[in-house]
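Report on one structure; see the data block that follows.
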Protein chains: 2
Amino acid sequence: MLRLDELDRRIVAQLLEDGRASYAQIGDRVGLSAPAVKRRVDRLRSDGVINGFAAVVDPAALGWTTEAFIEIFCTGATSPDEIHSSVRGHPEVVAAYTISGDASALVHVRARDIQHLEQVLERLRREDNITATKTSIVLSRLIGRPIDAPVPTRVTAQ
Amino acid sequence: MLRLDELDRRIVAQLLEDGRASYAQIGDRVGLSAPAVKRRVDRLRSDGVINGFAAVVDPAALGWTTEAFIEIFCTGATSPDEIHSSVRGHPEVVAAYTISGDASALVHVRARDIQHLEQVLERLRREDNITATKTSIVLSRLIGRPIDAPVPTRVTAQ
DNA sequence: AGTGAAATGAACACACC
DNA sequence: GGTGTGTTCATTTCACT
């Protein structure tokens, strides 16, 4: 992998805060001209540091008001690939991880309401690999960055 | 709250895929003129459906290679606000939720490495409200949308 | 790596259908 | 909701350091 200098990190920080900021605007804040910023952003994109740009959308406004984390338990030695194919078909799964500990995987689910969540659970439990689930419903979201990454300015600190 | 029609949802879908798409580009895909798209996007922003735009960044490329979910256990009746103030000071916490079940809260943490994660855990356990923690280290990320919302085209389906 | 200038194209605000 | 116009501004490419 590659090395990011301080300017790169500050550019990324700007684009995390406002993904539609103009190159000139970013340049003002980091002390570079617009073309120089563009070249760095192009490089950051081709290097895979920046994977794109997205609107920050409120799921509740789209009707997704219910959220849960579901621990998935699988038979003996189920591979990550098998778990992946068991959960990928469900659009309500917004994130899934294999984890250490008792469970085989942790999946983050969004549903329209509790009834919908129940349907998702039933559908998941019908998957061959999945032997049991343990659901924790989200009561309130205390912290949640739009992008699941700590602010880059903190990368250098401490 | 407000009602989104099919065009709104398709515009949101476009902006989730490419947050820097031009209004003309979006208009081509949804069958609207550029000014009409801008009017709708402005409305979606002022209505809080779209809360901004952000770069989709690979945390690993910034040096955050270790990730964990930590269940937080608190004393008796600790309020969500108290939990919030216990975790908010830690920049490594990228998300936190109060949840149903045994634990009081679930926090999603990103660290540079295992040593760093251990430091975060020690720091969290030093918080007054927190009596115990249970950590699941992320082994692999199977699914993870940049934005934690299901794709809007699926909102209408099913 | 950086700047600066010139041309293209997008955004924006307007009046209007 | 769609055009159309004009101004402003950003993007992009090029020449140059």
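We name chains A, B, ... by the order of the sequence lines, and we start the count at 1 in each one.
Salt-bridge formation is not detected for the pair A:Glu122/A:Arg125: no Lys NZ or Arg NE/NH1/NH2 atom is positioned less than 4.0 Å from an Asp or Glu carboxylate oxygen.
Atom CD1 in A:Ile11 sits roughly 11 Å away from atom P in C:dA1 (whole-Å rounding). If you take CG of B:Leu32 and P of C:dA11, they are 14 Å apart, rounded to a whole angstrom. Going from atom CZ of B:Phe53 over to atom C1' of C:dA11 covers 14 Å, rounded to whole Å. Straight-line distance from the NZ atom of A:Lys38 to the C1' atom of D:dT13: 10 Å, rounded to whole Å. Look at CD on A:Glu6: it is 17 Å from P on C:dA1, rounded to the nearest Å. Taking atom CZ on A:Arg43 and atom C1' on D:dT12, their separation rounds to 19 Å, with Å as the unit. The CD-C1' distance, from B:Gln25 to D:dA10, rounds to 15 Å in whole Å.
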Using the rule given for side chain to side chain donor-acceptor pair (under 3.5 Å), can you reason through A:Thr75 versus A:Thr131, listing the C-alpha separation, both sets of side-chain angles and the distance that settles it, and then say yes or no? CA-CA 6 Å; A:Thr75 54; A:Thr131 58; over 6 Å; no

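At least one side-chain heavy atom of B:His108 sits less than 4.5 Å from a side-chain heavy atom of A:Tyr97. Considering only heavy atoms from C-beta on, B:Asp102 comes within 4.5 Å of A:Lys134 through its side chain.
At the phosphate of D:dG1, OP1 or OP2 sits under 4.0 Å from a side-chain N or O atom of B:Arg40. Between C:dC12 and B:Tyr23, a contact under 4.0 Å exists linking OP1 or OP2 to a side-chain N or O.
A donor-acceptor contact under 3.5 angstrom links the side-chain atoms of B:Arg39 to the base of D:dG2.
Relative ring orientation between A:Trp64 and A:His116 is described as tilted, the plane-to-plane angle lying within the 30° to 60° band.
In this structure, of C:dT3, D:dG2, C:dA11, it is D:dG2 that holds the atom nearest to the side chain of B:Ser33.
With DNA chain C read from its 5' end, the first of the two nearest nucleotides for A:Pro35 and A:Arg20 is the one closest to A:Pro35.
No side-chain donor from either of B:Thr78 and B:Asn129 sits under 3.5 Å from a side-chain acceptor of the other.
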Pairing string of DNA chain C (Watson-Crick or G-U wobble, both atom distances under 3.5 Å; | = paired to other strand) is |||||||||||||||||

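Screening A:Thr133, A:Thr135, A:Val87, A:Ile83 for a side-chain contact (heavy atoms from CB on, under 4.5 Å) with A:Val107, the sole residue that qualifies is A:Val87.
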